[in-house]
Amino acid sequence: MKNSSPQDWPEPIVRVQSLSERCIDSIPERYIKPLSDRPSSALDDDANIPVIDLAGLYGDPDARASTLRQISEACNEWGFFQIVNHGVSPHLMDMARETWRQFFHMPLEVKQQYANSPKTYEGYGSRLGIEKGAILDWSDYYYLHYLPLSLKDCNKWPTHPPSCREVCDEYGRELVKLCGRLMKVLSINLGLEEEVLERAFGGEDIGACMRVNFYPKCPRPELTLGLSSHSDPGGMTLLLSDDQVPGLQVRKGDNWITVKPLPHAFIVNIGDQIQILSNANYKSVEHRVVVNSNKERVSLAFFYNPKSNIPIEPVTELVKPDKPALYTAMTFDEYRLFIRLRGPCGKSHVESLKSPR
Ligand code: OGA
Ligand code: NI
């Protein structure tokens, strides 16, 4: 793809948080989704994604084997699972979320200093995608880079609340470690040597970034979405949800399952790049976010990604005579640009990479 990054938003940016403070009983038309995309369709409220205790990974061989198996089943059946006993301090998790909640409650002028552009998306934003006239999602966000170090720029991180930079730094460090551990597990479960996936990601030069999502209260939650249906473009995502307020829904067949977040759990999901590397043995799964009328919601989505300028294609061990490579190679930089132009769009991005066979 030869397009360079778009320089600016196609329309003036409106902060959803300020709309939320102004709107009493209606929402602007730009946030009203077509009927088929609205939240009420096909809900299954009893189901939940699997919950997996990672302590088993470090227990006796039987416990380890059983934990590997649970993760394998969760990847095959759901592409989504919650993990507990993952080694990240509960205190750090609470600090990270609450620090960001405080950021979003700072005066608008303060936040505007960090306003982002579609060129890098870093900073304070209110839309994904740059299609003029697009129907928008009911959320604001803050996007920042951890890795590679050449992209990490703490000056683009908020100075307020004062703890923000330090907390973010530590949170990033811990989550990179946890992702490294999970990558080994996925590699083993795919029948590969434990280092294979990480190596295919570019070894030392992998990427990691975070989007903090802020979903303000919405007077007409049945008409809109906090985040439209999408699969995550990167490798793997660790989501820290607001444990007081559900909102994330995962597609299971024709149904949407509302995730019931456990306190201090991370929600793990497979992204498009692992779908490609695994030759679709693992699939990224569509998900979306619903909002509600009486509670705001804060979530931290941590994205673990391949090095951005190397070709990503199915690993050779998973390409077999009866299972040829399903995808043509593309760098993550190219892939991301493709998504930035169009915004969240179900699984259409990864589907369009299918080899023409
Ligand atoms: C995301 C995402 C879910 C949530 O940021 O990609 O899917 O619950 N977030 O905020
Ligand atoms: Ni997502």
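Order of listing sets the numbers, starting from 1, for every ligand and every atom in it. The structure presented is a predicted model; accordingly, all values stated were derived computationally and were not measured.
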### Task
May I ask you to list the atoms of ligand 1 that are less than 4.0 angstrom from any heavy atom of Leu248?
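Listed by number with element: 3 (C), 8 (O).
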### Task
Report, in ascending order of atom number, the atoms of ligand 1 lying under 4.0 Å from any heavy atom of Asn213.
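Those qualifying, in numeric order: 5 (O), 9 (N), 10 (O).
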### Task
Using non-hydrogen atoms of the residue, decide whether Arg288 is closer than 4.0 angstrom to ligand 1.
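In this structure, Arg288 fails to qualify as a contact of ligand 1 - no heavy atom is under 4.0 Å.
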### Message
For Tyr141, state whether at least one heavy atom is located under 4.0 Å from any atom of ligand 1.
### Response
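Outside the 4.0 Å threshold, so no.
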### Query
Quick one: does ligand 1 sit under 4.0 Å from the side chain of Thr237, the backbone, both or neither, non-hydrogen atoms only?
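Looking at Thr237 and ligand 1, no heavy atom falls under 4.0 Å.
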Basic-acidic side-chain contact under 4.0 Å: [X], [Y]:
X      : Y      : answer
Glu334 : Arg336 : no
Arg288 : Asp37  : no
Arg199 : Glu193 : no
Asp169 : Lys152 : yes

Can you tell me if [X] and [Y] form a side-chain donor-acceptor pair at under 3.5 Å?
X      : Y      : result
Lys33  : Ser228 : yes
Asp272 : Tyr335 : yes
Asn309 : Asp333 : no
Tyr304 : Gln273 : no

Report the nearest protein non-hydrogen atom to [atom]: residue, atom name, distance rounded to 0.1 Å.
atom                   : answer
atom 2 (C) of ligand 1 : Leu227 CD2, 3.5 Å
atom 1 (C) of ligand 1 : Arg211 NH2, 3.1 Å
atom 3 (C) of ligand 1 : Val289 CG2, 3.6 Å

#### Entry: Minimum-distance pair of heavy atoms, taken over all atoms of Ser126 and Arg15
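Heavy atoms only, the tightest pair is OG-NH1, 2.9 Å.
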### Query
Applying the ring pair (Phe, Tyr, Trp, His ring centres under 6.0 Å) test to Tyr146, which of Tyr171, Phe303, Trp157 qualifies?
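Of the listed options, the one satisfying the test is Trp157.
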### Message
For a distance under 2.8 Å, give residue and atom name for each protein N, O or S atom next to the Ni ion (ligand 2).
### Response
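Less than 2.8 Å away from the Ni ion (ligand 2) sit His230 NE2, Asp232 OD1, His287 NE2.
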